[in-house]
Undergrad: 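Submitted below is the structure of interest, expressed as structure tokens.
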Amino acid sequence: MPILNTLIIISVFFTPYKVRYWRVSQNVLYGLGHFYNDLCATMWFSYMILFFQAIMSMEDEDAGALLLLGQIIDALATPLVGIFADKYGSIKCWHLTGCLIVTFTFPLLFERCWGCGDINLPTWWMSLYYAILVLFFQIGWAVVQISHLAMIPYISEDLQIRSDLTSVRYMASVISSLTVYFTMWMVLRTANYGPPIEPEDFYKFRIVSIIITAIGIVSYTIFHIFFKLREQRQPKVLKSTDVISNGTHSYMNEEGNLVELPTKSKIMYFLKMPLLYQTSFLYVFARLYWALSLVFVPLYLEERLSINPYMGTQLIASVPLVIYISSFFFTLLLKSRINSFGNQVAYLVGSILCLISSLWIAIGIDPFSSIVQIFLVATLIGAGCSIMLVSSLCITADLIGHHSHQGAAIYSIVTFADKLFTGIAIIIIQNYKSEVSADYKSQYYRGVLTYACGGNAGLGILCLMLMQIMTRCKSQNQTKL
């Protein structure tokens with residue numbers, strides 16, 4: 001008996017540690033599930049247009065059109081993936097399928113197209129070649145993204161754990177971006193000073209894409225071998241007293257009556273909720289700021305090199321590297337603090353930081369500004385982006401609540417507009433460049449980072465204010481009733 005009692009005491013003492021260790025290890029493995037997607041996304045947004053324009057000598061409009069095509073395909077594939085992933089097959093099977101599609105298409109995007117040097121081929125061949133690759137790549141990317149996001153509600157119904165998973169997911173995104181920028185910096189550092197990137201530098205992009213693909217294969221292989229996803233459960237029965245404050249219980253109709261969400265038609269009730277679209281716009285503005293920063297910061301630095309070549313080509317990698325180091329630090333800080341002051345307050349703080357960085361670029365940055373000043377602005381961009389993205393994803397997870405079986409569909413709705421608006425914004429910016437005067441072209445991308453990025457931060461603040469006003473009005477009406 002003493003031995004038995006001792007064993008019981010030891011098991012009780014170590015059980016919490018084992019549970020915590022299991023949860024931490026599973027959280028880390030969960031982050032690996034989207035690591036390859038994040039690596040590809042960083043290359044796609046930061047260096048795709050630069051590769052098309054500087055290496056393949058493609059026109060600005062054509063390069064922007066290919067990126068728009070990718071965003072449209074991604075946006076259209078997202079809701080379809082969300083619907084089918086909830087109905088057919090397991091989430092992990094969908095995830096693995098998407099990873100394999102991305103693996104076979106991504107490296108070819110940063111390789112010279114077959115036959116592009118042949119004078120007998122028509123001029124449109126290059127665009128068609130890359131358009132086909134973009135089509136399959138974006139479908140695979142959408143499958144991975146939605147299936148991975150849809151795993152969060154299945155892992156736990158605890159909001160704290162969901163917030164931790166969202167933070168881990170974004171931390172993995174930051175680490176993957178740091179990996180891309182560090183790899184690119186190591187490749188470009190061979191020439192500290194010199195002209196902007198030229199077609200002869202195509203092999204540097206090839207090296208980076210191969211390294212990224214190798215890392216991605218290892219990451220999603222580990223994920224699928226060791227990550228354990230709990231079995232899907234049916235949603236629990238709702239009580240008539242449950243009130244919807246974040247989309248997690250029952251739905252209040254226009255007459256102010258509570259309506260229980262039927263199992264087969266919950267998604268239709270979500271589609272009727274203004275909160276769903278408000279949450280979508282919060283995510284859209286956060287992602288737009290992030291995407292436009294990724295795309296146009298390297299182009300802005302390339303623009304500076306044409307005026308001040310002594311800044312060095314390695315800035316094209318080192319400045320984004322600083323952005324993501326800042327993102328990583330603030331994501332770690334936010335992980336333990338976000339629940340103490342709320343997701344919406346965090347979103348407001350991130351939006352203000354992004355707005356300040358855009359104003360700084362407009363007022364204090366010129367082609368001959370010091371590198372220190374540029375790095376300080378990059379730090380603000382990274383901090384603001386990380387806070388906005390993590391808090392917007394936490395708001396979305398709260399919206400889903402206990403309805404994990406609808407998770408993929410809801411995440412696809414929230415992310416649909418972001419992908420479409422990102423592509424439209426980029427093609428408009430690229431096309432408008434040909435309309436501006438020659439004097440302004442040398443500072444064009446500086447204006448983009450000021451007005452386009454700053455505008456998204458301002459719109460995010462306005463959307464948050466509108467959400468607060470509508471929530472208070474609904475609460476007051478409910479109190480009167």
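When reading the values below, keep in mind they use all heavy atoms of this one structure, side chains included, and skip hydrogens, waters and symmetry mates.
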Undergrad: For Asp74 versus Trp141, what's the shortest heavy-atom pair and its separation?
TA: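 Reported closest heavy-atom pair: OD2-CE3, 3.7 Å.
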Undergrad: Once rounded to the nearest 0.5 Å, what's the spacing between atom CZ of Phe421 and atom CD1 of Ile428?
TA: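 Those atoms lie 10.5 Å apart.
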Undergrad: If you compare all heavy atoms of Leu355 against all heavy atoms of Gly454, which two are closest, and at what distance to 0.1 Å?
TA: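 Closest approach of Leu355 to Gly454, heavy atoms only: CD1-O, 3.4 Å.
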Undergrad: Heavy atoms, side chains only, cut-off 4.5 Å: are Leu29 and Leu32 in contact?
TA: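 A side-chain contact exists here, since the closest heavy-atom pair is under 4.5 Å.
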Undergrad: Between Ile356 and Leu380, is the side-chain contact (heavy atoms from CB on, under 4.5 Å) condition met? List the steps.
TA: CA-CA 8 Å; Ile356 292 173; Leu380 276 180; 3.9 Å; yes
Undergrad: Run the side chain to side chain donor-acceptor pair (under 3.5 Å) test on Thr42 and Tyr47 for me, step by step, so that the C-alpha distance in whole Å, both residues' side-chain angles and the decisive distance to 0.1 Å come before the verdict.
TA: CA-CA 8 Å; Thr42 302; Tyr47 298 115; over 6 Å; no
Undergrad: I need the minimum non-hydrogen distance between Leu69 and Ala131, along with the two atoms involved.
TA: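 Where Leu69 meets Ala131 most closely, the heavy atoms are CD2-CB, 3.6 Å.
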Undergrad: Just verifying a value: how many Å separate Leu96 CG and Ile101 CD1, rounded to the nearest 0.5 Å?
TA: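 If we round to the nearest 0.5 Å, Leu96:CG and Ile101:CD1 are 10.0 Å apart.
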Undergrad: Which heavy atom of Val297 sits nearest to which heavy atom of Pro320, and what is that distance?
TA: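 Scanning both residues, the minimum pair turns out to be CG1-CG, 4.3 Å.
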Undergrad: Is Tyr220 close to Phe35 at the side-chain level, that is, under 4.5 Å between some pair of heavy atoms?
TA: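 No, their side chains stay 4.5 Å or more apart.
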Undergrad: How far apart are the C-alpha atoms of Gln71 and Leu420, what are their side-chain angles, what is the distance that settles it, and do they pass the side-chain contact (heavy atoms from CB on, under 4.5 Å) test?
TA: CA-CA 6 Å; Gln71 294 304 111; Leu420 190 60; over 6 Å; no
Undergrad: Hey, does the side chain of Ser147 reach the backbone of Val144 with a donor-acceptor pair shorter than 3.5 angstrom?
TA: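 Such a contact is found between Ser147 side chain and Val144 backbone.
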Undergrad: Counting C-beta onward and ignoring hydrogens, is there a side-chain heavy-atom pair between Phe45 and Ser293 closer than 4.5 Å?
TA: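 Answer no - side chains too far apart.
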Undergrad: Assess the side chains of Tyr36 and Ser176: does a donor N or O sit below 3.5 Å from an acceptor N or O?
TA: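 Side-chain D/A pair, Tyr36 to Ser176: absent.
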Undergrad: Listed by chain and number, what are the side chain to side chain donor-acceptor pair (under 3.5 Å) partners of Gln430, not counting sequence neighbours?
TA: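 For Gln430 the side chain to side chain donor-acceptor pair (under 3.5 Å) partners, ignoring immediate neighbours, are Gln53, Tyr445.
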Undergrad: Would you check, one step at a time, whether the test side-chain contact (heavy atoms from CB on, under 4.5 Å) holds for Cys463 with Leu459?
TA: CA-CA 6 Å; Cys463 184; Leu459 289 172; over 6 Å; no
Undergrad: I need the Tyr181 OH to Ser177 OG distance, nearest 0.5 Å.
TA: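 One finds 5.5 Å between OH of Tyr181 and OG of Ser177.
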Undergrad: Within a radius of less than 6.0 Å around CZ of Phe202, do more than 12 heavy atoms belonging to other residues, nucleotides or ligands occur?
TA: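 For Phe202, atom CZ is crowded (more than 12 foreign heavy atoms under 6.0 Å).
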Undergrad: Ignoring hydrogens and geometry, is there a side-chain-to-backbone donor-acceptor pair from Ser358 to Leu449 under 3.5 Å?
TA: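 Present.
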Undergrad: So does Ile387 get a backbone contact from the side chain of Tyr347, meaning a donor-acceptor N/O pair under 3.5 Å?
TA: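 Answer holds: no.
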Undergrad: So, Trp44 versus Phe106, ring centres under 6.0 angstrom or not?
TA: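 Centroid distance Trp44-Phe106: not below 6.0 Å, so no.
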Undergrad: Please check if any side-chain donor atom of Tyr289 sits under 3.5 Å from a side-chain acceptor atom of Ser351, or the reverse.
TA: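 The answer is no; no qualifying pair exists.
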Undergrad: Run the side-chain contact (heavy atoms from CB on, under 4.5 Å) test on Asn456 and Leu292 for me, step by step, so that the C-alpha distance in whole Å, both residues' side-chain angles and the decisive distance to 0.1 Å come before the verdict.
TA: CA-CA 10 Å; Asn456 280 292; Leu292 294 180; 3.6 Å; yes
Undergrad: Does atom CZ of Phe281 have more than 12 heavy-atom neighbours from other groups under 6.0 Å away?
TA: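 No, because the 6.0 Å sphere around CZ of Phe281 holds 12 heavy atoms or fewer from other groups.
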Undergrad: Atom OG1 in Thr183, atom CD1 in Ile212: separation rounded to 0.5 Å?
TA: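 Answer rounded to 0.5 Å: 6.0 Å.
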Undergrad: Could you tell me whether the side chain of Met126 reaches within less than 4.5 Å of the side chain of Met56, counting heavy atoms only?
TA: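 Yes, their side chains come closer than 4.5 Å.
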Undergrad: Quick check: closest heavy atoms across Gly31 and Ala172, and the distance to 0.1 Å?
TA: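 Closest approach of Gly31 to Ala172, heavy atoms only: O-CB, 3.4 Å.
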Undergrad: Keeping the roles fixed (side chain from Lys92, backbone from His148), state whether a donor-acceptor pair exists under 3.5 Å.
TA: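 Judged by distance alone, no pair lies under 3.5 Å.
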Undergrad: Parallel, tilted or perpendicular for Phe110 and Phe205, by the 30°/60° rule?
TA: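 Correct class here is parallel.
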Undergrad: Could you go step by step and tell me if Tyr130 and Phe52 meet the ring-ring contact (aromatic ring centres under 6.0 Å, His included) rule?
TA: CA-CA 10 Å; Tyr130 284 113; Phe52 286 149; 5.0 Å; yes
Undergrad: Heavy atoms, side chains only, cut-off 4.5 Å: are Leu66 and Asp62 in contact?
TA: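 Result no, sub-4.5 Å side-chain heavy-atom pair not found.
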Undergrad: Please report the closest heavy-atom contact between Thr103 and Pro107, naming both atoms and the distance.
TA: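 Here Thr103 and Pro107 meet closest at O-CD, 3.3 Å.
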Undergrad: Do the ring planes of Phe182 and Trp185 sit parallel (below 30°), tilted (30 to 60°) or perpendicular (above 60°)?
TA: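 Rings of Phe182 and Trp185: tilted, 30 to 60°.
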Undergrad: Quick one, Ile49 and Ile426 - any side-chain contact, counting heavy atoms below 4.5 Å?
TA: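 The answer is yes; the side chains approach within 4.5 Å.
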Undergrad: Does a donor on one side chain and an acceptor on the other come within less than 3.5 Å for His34 and His95?
TA: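 No, no side-chain donor-acceptor pair sits under 3.5 Å.
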Undergrad: Any donor-acceptor pair under 3.5 Å linking the side chain of Ser326 with the backbone of Ala383?
TA: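 Yes; at least one donor-acceptor contact below 3.5 Å.
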Undergrad: Under 6.0 Å between ring centres, would you say that holds for Phe296 and Tyr300?
TA: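 Phe296 vs Tyr300: aromatic centres not under 6.0 Å.
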Undergrad: Any chance you could measure Leu133, atom CG, to Thr105, atom OG1, to the nearest 0.5 Å?
TA: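 Between Leu133 CG and Thr105 OG1, I get 7.0 Å after rounding to 0.5 Å.
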